[in-house]
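Since the structure comes first, as structure tokens, the remarks are kept for the end.
On a predicted model such as this, the values are computed, not experimentally measured, just so you know. To find a chain, count down the sequence lines: A is the first, B the second, and so on, and within it residues start at 1.
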2 protein chains.
Amino acid sequence: MDSIDLRLIELLRENARSSYAELARQVGLSAPAVHERVGKLEAAGTIRGYRAEVDYEALGLGVTALIGIIEDSGADTDDVLTALRAMPEVESCYFMAGVESYQLTVRVGTIAELEQLIVRVNRTPGVASTRTAIALSTKWENRPQPHLG
Amino acid sequence: MDSIDLRLIELLRENARSSYAELARQVGLSAPAVHERVGKLEAAGTIRGYRAEVDYEALGLGVTALIGIIEDSGADTDDVLTALRAMPEVESCYFMAGVESYQLTVRVGTIAELEQLIVRVNRTPGVASTRTAIALSTKWENRPQPHLG
DNA sequence: GGCGGAGGTCGATGGAGTCCATGGTGAAGA
DNA sequence: TCTTCACCATGGACTCCATCGACCTCCGCC
């Protein structure tokens with residue numbers, strides 16, 4: 001993990017479909033060298049995958065909301081997590097410090113679907129209550145952080 | 001935008017580095033046809049880009065937090081946004097319904113850096129107060145939602 | 001029925017991905 | 001200081017992919 005690896009990660013966070021030849025040009029190495037470095041970063045788990053970023057509105061998922069969950073005192077955390085994981089609308093899930101044990105990012109098509117999702121989450125065994133905030137607009141998302149390390 | 005386009009998007013959300021030939025095999029078209037479809041999806045803005053997903057801990061960004069911002073009554077929203085945008089630690093920024101105008105996702109290396117970031121955000125003109133919640137662990141993040149549309 | 005456009009396949013070619021042998025560099029130990 | 005070892009970049013070779021042009025097919029429309 002040297003500065004070239006960091007630069008490769010930075011480049012791949014900007015454009016994950018860059019060819020190895022292009023990456024090689026940018027970092028001043030040969031394509032095979034870059035290929036091997038990237039392979040090692042993937043094997044080590046430093047690079048976890050490559051994702052296309054989409055326009056959610058165009059895909060009919062124009063409603064983004066954040067849901068905080070307060071657990072029952074006797075809740076089985078694994079059961080709650082399993083139930084949440086089974087809901088495809090739940091895009092991200094963090095285990096938090098504080099009163100709300102989980103913070104979810106969810107995407108649905110309509111407010112009606114959001115309502116149904118909230119009901120489902122509230123009915124999940126182990127969930128005591130939820131607090132939902134709706135995103136009116138997304139200013140930016142998953143912006144790659146430059147100058148790593 | 002038909003079912004093949006949706007399938008292509010789904011495949012690219014799972015692995016953005018799939019070759020056109022591989023995508024073509026999966027959807028049962030020729031590689032040039034897939035190339036053209038993907039190009040159109042990019043041009044239309046439906047596909048906004050391709051991002052490598054990384055292990056933040058391995059990159060020294062092991063601390064994730066969510067910050068809610070309450071604006072001053074007389075705040076210039078654009079100024080606040082510009083200031084937030086200039087902070088590389090702010091990975092995502094949503095404009096919210098509710099008391100807290102903005103919800104940020106931030107990544108830093110240490111709690112000390114988080115403290116400094118919170119101070120900086122609080123000092124930003126237009127920001128009245130903030131509320132920070134720390135993610136103890138990330139259960140999952142940016143999970144691609146299957147069966148779109 | 002003929003026409004035109006959108007969107008597909010096929011074939012060719014230049015370039016990229018990837019494997020392999022080679023050689024250079026730096027660290028550890030005699 | 002010299003040897004050895006491990007690691008990694010290089011350059012060549014071969015395969016596969018990206019991409020362009022030509023043509024084909026289906027459909028809606030005059």
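For the pair B:Glu42 CD and D:dA18 P, the computed distance is 13 Å after rounding to whole Å. The CG atom of A:Leu29 sits 12 Å away from the P atom of D:dC8 (whole-angstrom rounding). A:Gln26 places its CD atom 13 Å from the P atom of C:dA16, with the value rounded to the nearest Å. Spacing between atom CZ of A:Arg37 and atom P of D:dT10 amounts to 10 Å, rounded to whole angstrom units. B:Tyr20 places its OH atom 12 Å from the P atom of C:dG17, with the value rounded to the nearest Å. The distance from atom CG of B:Leu23 to atom P of D:dT19 is 12 Å, rounded to the nearest whole Å. Distance CD1 (B:Ile4) to P (C:dG8): 7 Å, rounded to an integer number of Å. Residue B:Asp2 contributes atom CG, which lies 15 Å from atom C1' of D:dC26 at whole-angstrom precision.
Of the two residues near DNA chain D, A:Lys40 and B:Ser18, the one whose nearest nucleotide lies more 5' is A:Lys40.
Among the atoms of the strands shown, none is found under 4.0 Å from any heavy atom of B:Arg17. Counting any heavy atom pair closer than 4.0 Å across all strands shown, B:Ser19 reaches sugar-phosphate atoms only and no base atom.
Listed nucleotides D:dT19, D:dC17, C:dA16 differ in distance to A:Arg25; the shortest reach to its side chain belongs to C:dA16. Listed nucleotides: D:dA18, C:dT18, D:dC20. Nearest to the side chain of B:Pro32: D:dC20. The side chain of B:Ala21 lies closest to D:dC17, out of D:dC17, D:dT19, C:dT9. For B:Ala33, the side-chain atoms get nearest to C:dG8 when compared with the rest of D:dT19, D:dA9, C:dG8.
For D:dA18, the OP1/OP2 oxygens have no side-chain nitrogen or oxygen of B:His35 closer than 4.0 Å. Between A:Ser30 and D:dT10 there is a side-chain polar atom (N or O) within less than 4.0 angstrom of OP1 or OP2.
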task = Could you walk me through whether A:Tyr56 and A:Glu91 pass the side chain to side chain donor-acceptor pair (under 3.5 Å) test, one step at a time?
result = CA-CA 12 Å; A:Tyr56 290 98; A:Glu91 190 179 81; 3.1 Å; yes

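Listed for the A:Glu113 side chain is a donor-acceptor partner under 3.5 Å among the backbone atoms of A:Gly109.
Between B:Glu141 and B:Arg107 there is a salt bridge, since a side-chain N of the basic residue sits under 4.0 Å from a carboxylate O of the acidic one.
Side chains of A:Tyr102 and A:Phe95 form a contact here, defined as non-hydrogen atoms less than 4.5 Å apart. Counting heavy atoms from C-beta on, the side chains of B:Leu23 and B:Arg37 never come closer than 4.5 Å.
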